[in-house]
Amino acid sequence: MVTMAQRLEALRIERGISRPALSAALGFPKTAMEKFETGRQTPTQDQQRKLADYFSVTLPYLRGESDDPAEGDSWLSGNVPAEEPLRAPAAPPVSRKPRPAAVQEDGAVFGALLKSPSFQALMREAALEALRSPEGQELLAKAVRRELGRR
């Protein structure tokens, strides 16, 4: 999968423009493109829109979610390609609560998921189950031995 940093660098090189020149053209700080392309900083939603408009690509393409620069659908959206027949779900669909506006606007879906108490409980249980396994016990024993050896 292509990262946004890789996609930005490829688009910039394809356009034949330097990092500082692109930053200046878009009204970003001089070193912004260097930070974006090296992955040290992620562009804000507004910066992503400006970059997508400048390169005439969609946001999903810019973010590495799609390989088609002109198509708006991405694999994350769950849209099924037209050539695949749609199948009826095995079980009735579960009603979903609408996401809060803040989550929709700033793209922090993953951050909201990480803060969710049910997700945290699920991850905690998975980690404990892994640690209870023979391999997990062996890892814990090695970590304890290493820590005791340091003292």
Side-chain angles (χ1 to χ4, degrees), residues 1-131 133 135-136 139-140 142-143 146-147:
M1 187 164 118
V2 177
T3 65
M4 186 177 347
Q6 293 167 327
R7 183 66 43 88
L8 285 170
E9 183 176 26
L11 288 167
R12 180 186 56 77
I13 290 170
E14 185 179 293
R15 185 66 63 101
I17 188 168
S18 69
R19 288 173 176 171
L22 179 57
S23 292
L26 296 172
F28 299 165
K30 185 177 180 178
T31 60
M33 286 311 300
E34 178 185 356
K35 290 177 182 177
F36 298 158
E37 289 182 15
T38 57
R40 290 185 295 160
Q41 185 177 347
T42 302
T44 64
Q45 290 291 321
D46 187 48
Q47 290 170 328
Q48 289 178 29
R49 280 189 212 94
K50 286 181 181 180
L51 286 160
D53 289 343
Y54 181 84
F55 291 117
S56 300
V57 298
T58 62
L59 282 172
Y61 180 79
L62 183 74
R63 293 178 187 138
E65 299 166 1
S66 170
D67 290 329
D68 186 350
E71 189 175 313
D73 292 341
S74 75
W75 61 273
L76 290 175
S77 68
N79 291 332
V80 179
E83 63 271 7
E84 271 187 44
L86 295 175
R87 295 181 185 93
V94 178
S95 64
R96 297 182 180 163
K97 296 179 187 174
R99 290 186 288 178
V103 171
Q104 291 176 352
E105 290 173 12
D106 69 5
V109 174
F110 188 68
L113 175 67
L114 292 176
K115 293 176 184 175
S116 162
S118 60
F119 180 79
Q120 289 175 354
L122 180 67
M123 290 296 100
R124 185 178 303 109
E125 186 56 39
L128 289 173
E129 184 177 325
L131 290 173
S133 71
E135 296 86 359
L139 286 172
L140 284 173
K142 283 181 184 178
R146 188 174 350 121
E147 191 62 34

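The figures that follow rest on heavy atoms only: side chains count, while hydrogens, waters and symmetry mates do not.
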query = Between Ala5 and Gly39, which heavy-atom pair has the shortest distance, and what is it?
reply = CB-N, 4.1 Å
inquiry  = Show me the pairs that pass salt bridge (charged side-chain N to carboxylate O under 4.0 Å, His left out) and involve residues 50-62, at least two apart or across chains.
reply    = Asp46-Lys50
ask   = With a 4.5 Å heavy-atom cut-off, do Leu51 and Arg7 have their side chains touching?
value = no
ask   = Among pairs that include at least one residue of residues 11-26, which meet salt bridge (charged side-chain N to carboxylate O under 4.0 Å, His left out), considering only residues two or more places apart or in two chains?
value = Arg12-Glu37, Arg19-Glu37
task = Identify, with sequence neighbours excluded, every residue that meets side-chain contact (heavy atoms from CB on, under 4.5 Å) alongside Ala10.
result = none
request  = Would you indicate whether the side-chain heavy atoms of Tyr54 and Leu62 approach each other to under 4.5 Å?
outcome  = no
Residue pair Thr58 / Asp68: nearest heavy atoms and the distance that separates them = OG1-O, 4.0 Å
request  = Scan residues 116-126 for pairs that pass salt bridge (charged side-chain N to carboxylate O under 4.0 Å, His left out), counting only residues two or more places apart or in two chains.
outcome  = Glu125-Arg132
inquiry  = Holding to side-chain contact (heavy atoms from CB on, under 4.5 Å), I want the full list of residues that pass it with Gln47, two or more places apart in sequence or in another chain.
reply    = Phe28, Phe36, Pro43, Thr44
query = How long is the gap from CG on Leu26 to CD1 on Ile17, to the nearest 0.5 Å?
reply = 7.5 Å
task = Hey, could you give me the CD/CE distance between Glu9 and Met4, rounded to the nearest 0.5 Å?
result = 14.0 Å
task = Using salt bridge (Lys or Arg N to Asp or Glu O under 4.0 Å) as the criterion, list what pairs up with Lys30, not counting sequence neighbours.
result = none
task = Evaluate the side-chain contact (heavy atoms from CB on, under 4.5 Å) criterion for residues Glu65 and Leu59: first the C-alpha distance (whole Å), next the side-chain angles of each, then the deciding distance (0.1 Å), finally the verdict.
result = CA-CA 8 Å; Glu65 299 166 1; Leu59 282 172; over 6 Å; no
message = Determine whether a donor-acceptor pair (N or O, by modelled atom type, separation under 3.5 Å) exists between the side chain of Gln6 and the backbone of Thr3.
response = yes
key: Expected output: side-chain Ser133 to main-chain Gly136 donor-acceptor under 3.5 Å   = yes
